[in-house]
Amino acid sequence: MPPLSALRIDSPLGPITLAASAQGLCGLWFDDQKHGPTQAQRQQWSNDALHPWLKSAAAQVLAYLSGQTLQWEGPLDLSAGTPFQQSVWQALLRIPSGQSQSYGELARLLARPKAVRAVGAAVGRNPVSIIVPCHRVLGAGGQLTGYAGGLWRKQALLRLEGHPGI
C-alpha cells in the first residue's frame, strides 16, 4: 500500500483519524473502531494538516457533528475493499440522510438477496465511516445492530439526522 496522508481530529464522538491516498479520501476511523488501521500502520502515514481533502473532510465532519448536513463532494478511494465490498459501500452512499435500510434490503438492492451476512460484514468493514454512511443500516425490525465504531455512536449519528424512533 502506498503511503497515506493522515490527519487526527477531536470530535464530540471521540478522536478520529482521516486518511487520504493519491486517489482520494480513503479512511475515517474512530480510535477504538473495529477493523481500523493498526497503530503500526498509522505510524507509517505522514501527518498532513494542510492536505486539501483531509482539511475538507475534517471541516465537513465536524460541521455535521454539530448538526449541519454532510455533503462530501471530494474524491473517495474505496479501492482497499474487494469488488463486493466496494459495491456495498457504493450502495451505502445512496441511502439519504434521515433514512435507513436493513441489511436484507441492501442485499436485495445489490441483487444478492441471500448474501445478508456478507453484506453485513462488508458494511462493518467500511473504511470511511460517517461519509460512507454505514450507520444508516439497521436490523430487519429497525433495531440498532452492529456498528464498528460502537452502537452508542451509531445511535448518536442517527439522532443527528433526525432518524425516527432512535
What are the two closest heavy atoms between P113 and R108, and how far apart are they? CB-CG, 3.9 Å

Can you tell me how far CD of E161 sits from CZ of R136, rounded to the nearest 0.5 angstrom? 4.0 Å

Judged by atom type as modelled, is there a donor-acceptor pair below 3.5 Å linking the side chain of K154 to the main-chain atoms of G146? yes

Interatomic distance, R153 atom CZ to L151 atom CG [nearest 0.5 angstrom]: 11.0 Å

Has W89 got a side-chain atom pairing as donor or acceptor with A122's backbone, closer than 3.5 angstrom? yes

Relative to each other, are the rings of H135 and Y64 parallel, tilted or perpendicular (30° and 60° limits)? tilted

Evaluate Q101 against L138 for side-chain contact (heavy atoms from CB on, under 4.5 Å), listing each step before the verdict. CA-CA 6 Å; Q101 285 183 338; L138 302 174; over 6 Å; no

Gap separating the NE2 atom of H163 from the OG atom of S97, nearest 0.5 angstrom: 9.5 Å

If we ignore hydrogens and angles and just use 3.5 Å, is the side chain of Q85 paired with the main-chain N or O of T82 as donor and acceptor? yes

Note: D48-K55 ion pair, threshold 4.0 Å (strictly below): no

Hey, could you give me the CG/OG1 distance between L4 and T17, rounded to the nearest 0.5 Å? 11.5 Å

Distance-minimising heavy-atom pair for A19 and W45: CB-CZ3, 4.0 Å

What are the two closest heavy atoms between L106 and V88, and how far apart are they? CD2-CG1, 4.3 Å

side-chain contact (heavy atoms from CB on, under 4.5 Å) evaluation trace for L144 with L158: CA-CA 10 Å; L144 290 176; L158 291 169; 3.6 Å; yes

Check against side-chain contact (heavy atoms from CB on, under 4.5 Å), Q43 and T38: CA-CA 9 Å; Q43 289 174 346; T38 65; over 6 Å; no

Decide side chain to side chain donor-acceptor pair (under 3.5 Å) for S129 and Q33; before the verdict, give the C-alpha distance in whole Å, the side-chain angles of both, and the deciding distance to 0.1 Å. CA-CA 10 Å; S129 296; Q33 184 167 324; 3.1 Å; yes

Taking all non-hydrogen atoms of both residues into account, name the closest pair between R42 and F30 and its distance. NH2-O, 4.2 Å

Closest heavy-atom pair and its distance - G120, Y103: CA-CD2, 3.6 Å

side-chain hydrogen bond (donor to acceptor under 3.5 Å, both in side chains) partners for S56, two or more places apart: Q60

Please name the pair of heavy atoms, one in S11 and one in L65, separated by the smallest distance, quoted to 0.1 Å. CB-CD1, 3.7 Å

Gap between atom CG of L7 and atom CG of L18 - 0.5 Å precision: 5.5 Å

